[in-house]
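The structure appears right after this line, and notes come after that.
Quantities reported herein were computed from a predicted structural model and do not represent experimental measurements.
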Amino acid sequence: MASSACVTDLARTAACRDGVAAAHLKVVSIFVIFLTSVAGMSSPVLLAGIFRGKPLYDKAIVVIKCFAAGVILSTSLVHVLPDAYAALADCQVASRHPWKDFPFAGLVTLVGALLALLVDLAASSHVEHAQYAPVVAQEKELELGGGCHGSGGDGERGEELVRLKQRLVSQVLEIGIIFHSVIIGVTMGMSQNVCTIRPLVAALAFHQIFEGMGLGGCVAQAGFSFGTTAYMCMMFAVTTPMGIMLGMALFSLTGYDDSNPNALILEGLLGSVSSGILIYMALVDLIAVDFFHNKLMNSTPRLKKISFLALTLGSAAMSILALWA
């Protein structure tokens, strides 16, 4: 039964194979995806810069970040994880040992989440230690000098710790998204299936806009310098196009396309790691932090309702794209 399904799938794929037409579509997609990626990530950053210092700035940033969290959570659960499972469940892979003996997609997703936790713990510990040492020295100096320790310094140090944590979250989040973007790009670049690529070009354009808005919302709140923000925006924008070019190069050198068992295994494993990272970041560092530890949201019940609506809209918008990509 499984072998007949494989033969049917291969016959359907063969009918859509057109290397020349696929190459033209991929060249178009490189430019389209680059432009939409830049637009998606830069829009929340530019809006944050325009409205910085305005009365509604802090509330707007919280709402944008909740929309971003919904996009990222949906990306991991509706796009990345199902694709990873599908790659490792493909009949050409699932008929082999050890892939048919164990649910490796779930295991590697778990490993990705634990790795994200490990990085989070290590970096948070380093940041807190770096902030704690000068605080202790300052307190000793004040005690020796007979001075009083004011509460203003504690507030400033607390805000700085929060800002450093936000920067860490943005950087780890970008790593997870870059993994995902590389996988999308390489898979598309290796594909010779025109029936698959044609709808993907438009769908991936919207995909990059929403995902870019998600990452851009986090970057805007973190308050990076202009140079760092521009660098992170450019890294996000070029990753998928570079993945497409890498996939095209791999196909020309090896003859492997997106249906090759080795390519499917790599896609499944990398997708699973990426999914684990994104699930952890969305739930722990974005949703939990804003809904349970954000003083502004806890003091304004109406803002919490609007933020939950933004979270739902972000999740829904990204989930709908799964119909095409």
Side-chain angles (χ1 to χ4, degrees), residues 40-41 43-45 47-48 57-82 106 109-110 112-121 123-124 127 158-159 161-180 207 209-223 232 236 272-322:
M41 185 167 175
S43 55
V45 175
L47 286 173
Y57 173 77
D58 291 332
K59 294 179 180 178
I61 284 291
V62 169
V63 172
I64 290 171
K65 192 178 173 189
C66 288
F67 180 87
V71 168
I72 291 160
L73 185 61
S74 177
T75 297
S76 60
L77 291 174
V78 182
H79 291 260
V80 187
L81 188 56
T109 299
L110 172 63
L114 293 177
L115 284 174
L117 172 61
L118 182 63
V119 171
D120 209 352
L121 286 172
S124 297
V127 167
E159 290 178 4
L161 280 174
V162 170
R163 181 61 57 83
L164 289 169
K165 175 68 174 178
Q166 289 168 348
R167 291 176 180 175
L168 169 67
V169 168
S170 299
Q171 289 165 338
V172 176
L173 186 60
E174 181 159 38
I175 291 171
I177 289 175
I178 282 175
F179 267 148
H180 169 49
H207 180 281
I209 287 174
F210 285 126
E211 202 169 64
M213 288 174 66
L215 181 58
C218 298
V219 170
Q221 190 181 39
M232 293 179 74
F236 171 74
S272 298
V273 171
S274 175
S275 178
I277 293 171
L278 294 177
I279 289 170
Y280 174 86
M281 299 303 295
L283 291 175
V284 177
D285 284 331
L286 297 177
I287 295 174
V289 167
D290 275 334
F291 279 92
F292 297 105
H293 304 292
N294 191 314
K295 293 180 181 178
L296 178 63
M297 193 179 291
N298 289 331
S299 64
T300 315
R302 185 167 177 267
L303 178 61
K304 184 171 284 189
K305 295 175 183 176
I306 295 172
S307 298
F308 183 80
L309 179 61
L311 175 69
T312 305
L313 288 174
S315 302
M318 202 65 185
S319 297
I320 290 170
L321 285 180

Requested in this report: Would you please name every residue forming a side chain to side chain contact (heavy atoms under 4.5 Å, CB included) with L283, sequence neighbours left out?
Outcome: L73, I279, I287
Query - Criterion side-chain contact (heavy atoms from CB on, under 4.5 Å) on H79 and L321, from CA distance to verdict - result: CA-CA 9 Å; H79 291 260; L321 285 180; 4.0 Å; yes
Query raised in the report: Just by distance, do the side chain of S74 and the backbone of S319 share a donor-acceptor pair under 3.5 Å?
Result: yes
Query raised in the report: So, the side chain of S275 versus the backbone of S76: is there a donor-acceptor pair under 3.5 Å, distance only?
Result: yes
Query raised in the report: Is there side-chain contact between V71 and L215, with at least one heavy-atom pair below 4.5 Å?
Result: no
Query raised in the report: Considering residues, nucleotides and ligands other than F308, do more than 12 of their heavy atoms fall under 6.0 Å from its CZ?
Result: no
Query - Matching residue for V62 among I306, L296, T300 - test: side-chain contact (heavy atoms from CB on, under 4.5 Å) - result: L296
Query raised in the report: Does the side-chain contact (heavy atoms from CB on, under 4.5 Å) test come out yes or no for M281 and C218, once each step is laid out?
Result: CA-CA 11 Å; M281 299 303 295; C218 298; over 6 Å; no
Report task. Return the set of residues passing side-chain hydrogen bond (donor to acceptor under 3.5 Å, both in side chains) with S272 (not counting sequence neighbours), or none when no residue passes. Result -> none
Query - Pair H207-M318, side-chain contact (heavy atoms from CB on, under 4.5 Å): steps then yes or no - result: CA-CA 7 Å; H207 180 281; M318 202 65 185; 3.1 Å; yes
Query raised in the report: Got a sec, which residues hit side chain to side chain contact (heavy atoms under 4.5 Å, CB included) with L115, two or more places apart in sequence or on another chain?
Result: V111
Report summary line: Residues D290 and N294: closest non-hydrogen pair is O-CB, 3.0 Å
Report summary line: Nearest heavy-atom contact between A68 and M213 is CB-O, 4.2 Å
Report task. Provide the closest heavy-atom pair for V63 versus S307 in the form atom of the first, atom of the second, distance. Result -> CG2-OG, 4.2 Å
Query raised in the report: If you count the non-hydrogen atoms of other residues, nucleotides and ligands that lie under 6.0 Å from NZ in K59, is the total more than 12?
Result: no
